[in-house]
Amino acid sequence: MAAELAAGLPPEDLHQLFFRIGENVARTFPVPPCASLAELEAEFNARWDGIDWGYGTLREEADGLRIRHACSPLAMAFGPESTGWSSGFLEGVYQTWFASQRLPASLRVQALPSAAQPGAVIELRLARSSP
């Protein structure tokens with residue numbers, strides 16, 4: 001499936017498609033307002049657990065928030081060569097969930113470059129977007 005998707009659309013379009021799918025999934029499984037990062041992580045993982053889509057951890061950093069997502073079925077299904085565009089799904093889900101917490105629109109979730117292997121952790125970051 002990954003080969004057909006990659007043959008049919010450029011990586012940027014695939015990334016956007018998967019981002020939109022992620023947004024829709026996040027709206028289907030909304031997260032209530034949370035008072036702490038630990039509570040937010042627990043709410044995220046309750047949704048992931050409910051659909052058997054792995055789990056995420058959140059870690060504050062000096063200039064952003066690190067999101068580590070493990071055991072994503074997309075990573076397993078599409079392999080490491082698709083990580084650049086399939087990670088758009090996780091970006092869309094987390095972006096929508098963070099937006100539901102009323103974070104400033106200037107904060108964006110972006111996948112970090114990696115040499116991910118199938119089943120590996122996908123690293124993302126919530127930080128101010130570049131102008």
Side-chain angles (χ1 to χ4, degrees):
M1 187 183 321
E4 285 298 316
L5 286 167
L9 292 170
E12 302 80 28
D13 290 350
L14 285 170
H15 185 270
Q16 262 318 103
L17 171 64
F18 276 74
F19 188 93
R20 287 192 312 270
I21 293 168
E23 289 175 313
N24 288 327
V25 167
R27 285 191 287 273
T28 301
F29 301 100
V31 173
C34 297
S36 71
L37 197 57
E39 184 183 348
L40 190 59
E41 182 178 299
E43 289 291 341
F44 287 174
N45 285 323
R47 272 67 192 164
W48 291 129
D49 188 51
I51 59 173
D52 199 23
W53 267 78
Y55 61 94
T57 57
L58 306 176
R59 186 181 80 219
E60 284 186 78
E61 296 182 337
D63 59 347
L65 183 71
R66 176 75 54 130
I67 307 156
R68 298 187 66 186
H69 193 95
C71 302
S72 164
L74 285 176
M76 296 295 289
F78 293 143
E81 45 298 322
S82 72
T83 301
W85 51 264
S86 67
S87 62
F89 173 81
L90 293 173
E91 289 177 357
V93 170
Y94 283 113
Q95 184 69 46
T96 303
W97 282 342
F98 280 118
S100 75
Q101 301 299 305
R102 304 204 184 275
L103 292 177
S106 62
L107 296 177
R108 303 298 301 168
V109 174
Q110 292 187 303
L112 300 174
S114 71
Q117 297 300 313
V121 172
I122 303 295
E123 300 261 353
L124 304 108
R125 183 167 168 69
L126 175 69
R128 292 211 182 278
S129 60
S130 303

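The residues of the chain are indexed from 1 along the displayed sequence. For the numbers below, each heavy atom of this structure counts, side chains included, while hydrogens, waters and symmetry mates do not.
By the 4.5 Å heavy-atom criterion applied to side chains, Q16 and E12 are not counted as neighbours. Between L40 and F98, the closest side-chain pair of non-hydrogen atoms falls below 4.5 Å. Side-chain contact check for L74 versus F18: some heavy-atom pair is nearer than 4.5 Å. The side-chain heavy atoms of E123 and R66, taken from C-beta on, include a pair separated by under 4.5 Å. Here the side chains of F89 and I122 are not in contact, with every heavy-atom distance at 4.5 Å or above. Between L107 and L65 there is no side-chain heavy-atom pair separated by less than 4.5 Å.
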For this session: Would you check, one step at a time, whether the test side-chain contact (heavy atoms from CB on, under 4.5 Å) holds for F44 with V93?
Result: CA-CA 10 Å; F44 287 174; V93 170; over 6 Å; no
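Atom CG of residue L126 and atom CD of residue E60 lie 10.5 Å apart, to the nearest 0.5 angstrom.
Q95 places a side-chain N or O within 3.5 Å of a backbone atom of V109 that can act as its donor or acceptor partner. When atom types are taken as modelled, the side chain of H69 and the backbone of W53 share a donor-acceptor pair closer than 3.5 angstrom.
Counting all heavy atoms, side chain and backbone alike, R108 lies closest to S129 at CG-CB, 3.2 Å. Smallest separation of non-hydrogen atoms from Y55 and C71: CE2-SG, 4.0 Å. Of all the heavy atoms in S87 and A111, the pair that sits closest is OG-CB, 3.5 Å. Closest heavy-atom contact between R128 and S106: NH1-OG, 2.7 Å. For T96 against R27, the heavy-atom pair with the smallest separation is CG2-CG, 4.1 Å.
With sequence neighbours excluded, the residues forming a side chain to side chain contact (heavy atoms under 4.5 Å, CB included) with R47 are F29, V31, P32, E43, W97, listed by chain and number.
No hydrogens or angles considered: nothing links the side chains of T57 and R68 as a donor-acceptor pair under 3.5 Å.
A single hydrophobic cluster is seen to contain both W48 and I67, as judged by linkage of ILVMFWY side chains at heavy-atom distances under 4.5 Å, directly or through other members.
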